[in-house]
K.L.:
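First, the structure itself, so that you have it in front of you.
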Protein chains: 2
Amino acid sequence: MTAATHGPVRMTRQRAAVADALQGVEEFRSAQQLHEVLRSRGDTVGLATVYRTLQALVDGGDVDVLRTDDGESVYRWCARREHHHHLVCRRCGRTVEIDGPTVEAWAHRVGEEHGFADIDHTVELWGTCASCLAALRNATPEA
Amino acid sequence: MTAATHGPVRMTRQRAAVADALQGVEEFRSAQQLHEVLRSRGDTVGLATVYRTLQALVDGGDVDVLRTDDGESVYRWCARREHHHHLVCRRCGRTVEIDGPTVEAWAHRVGEEHGFADIDHTVELWGTCASCLAALRNATPEA
DNA sequence: CCCGATTTTGACAATCATTCTCAACAGCGC
DNA sequence: GCGCTGTTGAGAATGATTGTCAAAATCGGG
């Protein structure tokens, strides 16, 4: 009930640009950041269009989205479409896709133990990656 | 670098009211919802003050906060101050506090394996609680 | 190659939760 | 009660995201 209200989907320069830009980065990026990337690349795409396209990609399952601590949505074109989690650098966005078979089982078991059904889970790891750690050490010798 | 810039903390009618309202509900509630609860109770507290107080309570470790799908922050005065996760009914908001020792260890190990430091994790479970399940069965015999 | 029906775009306004501003106000130790 | 400060609140400001709608672009058909 989300699509089907529209006719055929058209391929446009803007959509191709957004998809391409997203596939060109390894990190999770906000809509605004991607808009800037496109801009600096020479691809002129309206900010609203970037948002619309990203939403469509998420709905289509091509892109993963999650929220940062301050509530901003960040997007990433993940290698695998299957269910997985992320280890994200909270400073630069660098991301590692990870599995969590143990977690899946645990989540399901805990849910059933409490009489809950249709268990779904949110599991994301945040940290500071090695290079950002080094950068921080240089920039801030001490407090 | 967040506190320590201020002197002694003062107990005010507003702070007591917010804390009390929060302890009066079992579910996660948004700042705006709490503001409304206070209002209907007769406690006049400015919205900004509700936000400030909630933030302080979160910082103090008395209250847990998490984000709903649409990015709104919701708060809950949890029974235990120690680190824990939540199993939340996506229909009625009923919440069960849960431990996840295995998950903690797993999160930390995965982080280190990839050279990340200061690992933090977001682990929340969503499901449909028993009573909501029954209610749904009555309302919707089948699809 | 051009047309036309229909989908998309983009500049800008509108939302909305949350934070900021700052003068008036209220704890609390004396 | 006094005064020093931390606190409040009304409203402005912020900032990401979404809505509006006329102009522009897609693409199948002629």
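Protein chains get the first letters and strands the later ones, always in sequence-line order, with residue 1 at the start of each. Everything quoted here is computed from the prediction, not taken from an experiment.
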K.L.:
May I ask you to say whether A:Arg76 pairs ionically with A:Glu97, meaning some side-chain N is under 4.0 Å from a carboxylate O?
P.N.:
yes
K.L.:
OP1, OP2 of D:dA16 versus side-chain N and O of A:Gln32: anything below 4.0 Å?
P.N.:
yes
K.L.:
Would you say C:dT18 has OP1 or OP2 under 4.0 Å from some side-chain N or O of B:Tyr51?
P.N.:
yes
K.L.:
Give the B/S/- string for nucleotides 23-30 of chain D, one per nucleotide from 5' to 3', where a protein heavy atom under 4.0 Å of the base yields B, of only the sugar-phosphate yields S, and otherwise -.
P.N.:
--BBS---
K.L.:
How close or far is atom C1' of D:dT17 from atom CZ of B:Arg67, stated in whole angstroms?
P.N.:
14 Å
K.L.:
Indicate, with a heavy-atom threshold strictly under 4.0 Å, whether B:Thr44 touches base, sugar-phosphate, or nothing.
P.N.:
sugar-phosphate
K.L.:
Between C:dG27 and B:Arg15, is there an OP1 or OP2 to side-chain N/O distance shorter than 4.0 Å?
P.N.:
no
K.L.:
Using a heavy-atom cut-off of under 4.0 Å over every strand shown, decide if B:Ser30 touches base, sugar-phosphate, or nothing.
P.N.:
nothing
K.L.:
Between A:Val50 and B:Gly71, which has a closest nucleotide on DNA chain C that is more 5'?
P.N.:
A:Val50
K.L.:
Can you check the B:Arg52 CZ to C:dT18 C1' distance for me, whole Å?
P.N.:
12 Å
K.L.:
Could you check whether any side-chain heavy atom of B:Trp106 comes within less than 4.5 Å of a side-chain heavy atom of A:Val123, counting everything from C-beta outward?
P.N.:
yes
K.L.:
For the helix from C:dC1-D:dG30 to C:dC30-D:dG1, figure out the bend between the end axes, five pairs an end, and round to 10 degrees.
P.N.:
30°
K.L.:
I need the single residue from B:His86, B:Arg81, B:Glu82 that forms a side chain to side chain donor-acceptor pair (under 3.5 Å) with B:His84. Which is it?
P.N.:
B:His86
